[in-house]
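These notes concern the structure reproduced below.
Because the structure is predicted, anything quoted here is derived from the model rather than measured. Residue numbers start at 1 and run along the sequence shown. Whatever order the structure lists ligands and atoms in, that order sets their numbers, starting from 1.
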Amino acid sequence: MQQLILQAATVLAQAQRVVCLTGAGVSAESGVATFRDAQTGLWSHFDAQQLASQAGFAANPGLVWRWYMDRLHTVEQTKPNPGHWALAQLEQRVPVFTLVTQNVDNLHERAGSRSVLHIHGRITHMRCNRCGFAHPLEEAERKQPLPPLCWQCGGYIRPDVVWFGEALPGRITDLAWRAAERCDVMLVVGTSGVVYPVAQLPLLAQQRGAIIIDVNPDCTPISEIADLFLQGASGTILPQVVKAIETK
Ligand code: OAD
């Protein structure tokens, strides 16, 4: 593994444009369950795909609201882990660095990352499900059995996250695709690489000549095509890569 870490550090140290694509795995060591095993404890008898959808929200807005308030509370109790901190340090060392995250938590920002594109939205932000009006969440609203109502149109308020079957945010998606098409290196961290269209970004970057580095304890469709596959936890591997860059 040490050899791979040195190779990744060499590639990243020479890169002018780097895109980092992260998934739930980068937050796993902060205690935020990865998406597919997020149904732990209280919510284990619900299907996330069912809750995170317009149909699920229409059928039971109170249940979906309480599920997200519970997840928001969990995110607020957690802290960035060494993997988040390492990516914020890496951003300082690369001329053009773009962080594209599928995660809805704010751990990258809390670790100091500045150019974060939340391609699946942010659980920390609320908007109207009908008119899209941004809604500042009041403390008391978190405990209400039903979602608050929009001040503009009276529609239900919901988290500003992408639900199953919904389109990705247009401007952010354009920025992410443009960065992927232009980068020299794409560093993929903690994603199963099975959810499209985001999962195609590494392929797109590779087709344009980028070097793909994948960091994951498990093998995934992305580790299969990666030029460098660093198998292990991001909280362990990323700090070693950044440290190796600093000795360059
Ligand atoms: P997944 O839960 O699908 O995959 C998490 C990945 O992180 C897996 O490949 C794990 O092996 C890996 N992993 C676990 N611990 C890790 C660690 N310590 N360091 C590095 N990797 C680790 O989560 P995502 O790939 O992010 O979409 O899921 C992508 C999308 O699927 C989510 O954004 C969500 C879901 O449907 C929406 O909500 C729209």
Side-chain angles (χ1 to χ4, degrees), residues 1 4-5 8 20-40 43-44 46-57 64 67-68 71-72 74-75 78-87 99-108 111 116-125 158-169 172-173 176 186-203 212-226 228-242:
M1 173 58 79
L4 281 170
I5 284 175
C20 180
L21 171 64
T22 64
V26 79
S27 297
E29 291 160 86
S30 296
V32 180
T34 58
F35 201 86
R36 282 167 181 76
D37 56 40
Q39 300 318 306
T40 50
W43 299 100
S44 52
F46 291 105
D47 169 8
Q49 298 213 191
Q50 212 238 320
L51 290 172
S53 69
Q54 280 293 353
F57 190 55
V64 175
W67 182 56
Y68 274 101
R71 285 179 63 196
L72 175 60
T74 302
V75 164
T78 56
K79 290 188 175 37
N81 66 63
H84 294 107
W85 297 109
L87 290 178
L99 177 54
V100 180
T101 187
Q102 301 171 91
N103 301 339
V104 296
D105 63 54
N106 60 354
L107 292 170
H108 282 305
V116 185
L117 297 176
H118 280 273
I119 202 152
H120 286 165
R122 295 175 292 180
I123 198 170
T124 49
H125 290 61
R158 44 135 332 151
D160 188 16
V161 299
V162 174
W163 279 345
F164 291 96
E166 289 186 326
L168 299 183
I172 288 177
T173 303
M186 179 173 284
L187 173 62
V188 184
V189 183
T191 183
S192 54
V194 296
V195 175
Y196 282 79
V198 177
Q200 75 186 44
L201 282 176
L203 293 165
I212 309 302
I213 303 170
D214 186 45
V215 178
N216 196 317
D218 294 347
C219 291
T220 71
I222 295 173
S223 45
E224 309 261 314
I225 59 118
L228 295 171
F229 174 37
L230 280 60
Q231 187 161 14
S234 49
T236 306
I237 287 178
L238 292 177
Q240 291 179 41
V241 171
V242 170

Any donor-acceptor pair under 3.5 Å from Gln50 side chain to Gly56 backbone: no
Backbone of Asp105 reached by a side-chain donor or acceptor of Asn103 within 3.5 Å: no
Element-labelled atoms of ligand 1 that are located less than 4.0 Å from some non-hydrogen atom of Glu29: 17 (C), 18 (N), 19 (N)
Ligand 1-proximal atoms of Gln102, by part, heavy-atom distance under 4.0 Å: both
Leu4 and its side-chain contact (heavy atoms from CB on, under 4.5 Å) partner, picked from Val241, Ile237, Leu228: Leu228
Heavy-atom proximity to atom 17 (C) of ligand 1, best of Ser53, Gly25, Pro221: Gly25
N/O donor-acceptor pair under 3.5 Å between His108 side chain and His84 backbone: no
Proximal ligand 1 atoms for Asp218, defined as those under 4.0 Å from one of its heavy atoms: 11 (O)
Per-atom contacts of ligand 1 with Ser234, taking only distances under 4.0 Å to non-hydrogen atoms: 17 (C), 19 (N), 20 (C)
Val195 contact mode with ligand 1 (heavy-atom cut-off under 4.0 Å): side chain
Option whose closest heavy atom lies nearest to atom 5 (C) of ligand 1, chosen from Gly190, Pro217, Gly23: Gly190
Ligand 1-proximal atoms of Trp163, by part, heavy-atom distance under 4.0 Å: neither
Intermediate values then yes/no, side-chain contact (heavy atoms from CB on, under 4.5 Å), Gln240 and Leu230: CA-CA 11 Å; Gln240 291 179 41; Leu230 280 60; over 6 Å; no
Region of Ala24 that comes within reach of ligand 1 [heavy atoms, distance under 4.0 Å]: both
Contact atoms of ligand 1, heavy-atom distance to Asn216 under 4.0 Å: 8 (C), 9 (O), 10 (C), 11 (O), 12 (C)
Distance-only side-chain donor-acceptor flag, Asn81 / Ser30, under 3.5 Å: yes
Val162 neighbourhood, listing ligand 1 atoms whose heavy-atom distance to it stays under 4.0 Å: 39 (C)
Distance filter under 4.0 Å to Phe164 heavy atoms, resulting ligand 1 atoms: 36 (O)
Donor on one side chain, acceptor on other, Thr101 and Thr22, under 3.5 Å: yes
Main-chain N/O of Phe164 paired to Ser53 side chain as donor or acceptor, under 3.5 Å: no
Interatomic distance, Trp85 atom CH2 to Lys79 atom NZ [nearest 0.5 angstrom]: 10.0 Å
Ala28 neighbourhood, listing ligand 1 atoms whose heavy-atom distance to it stays under 4.0 Å: 15 (N)
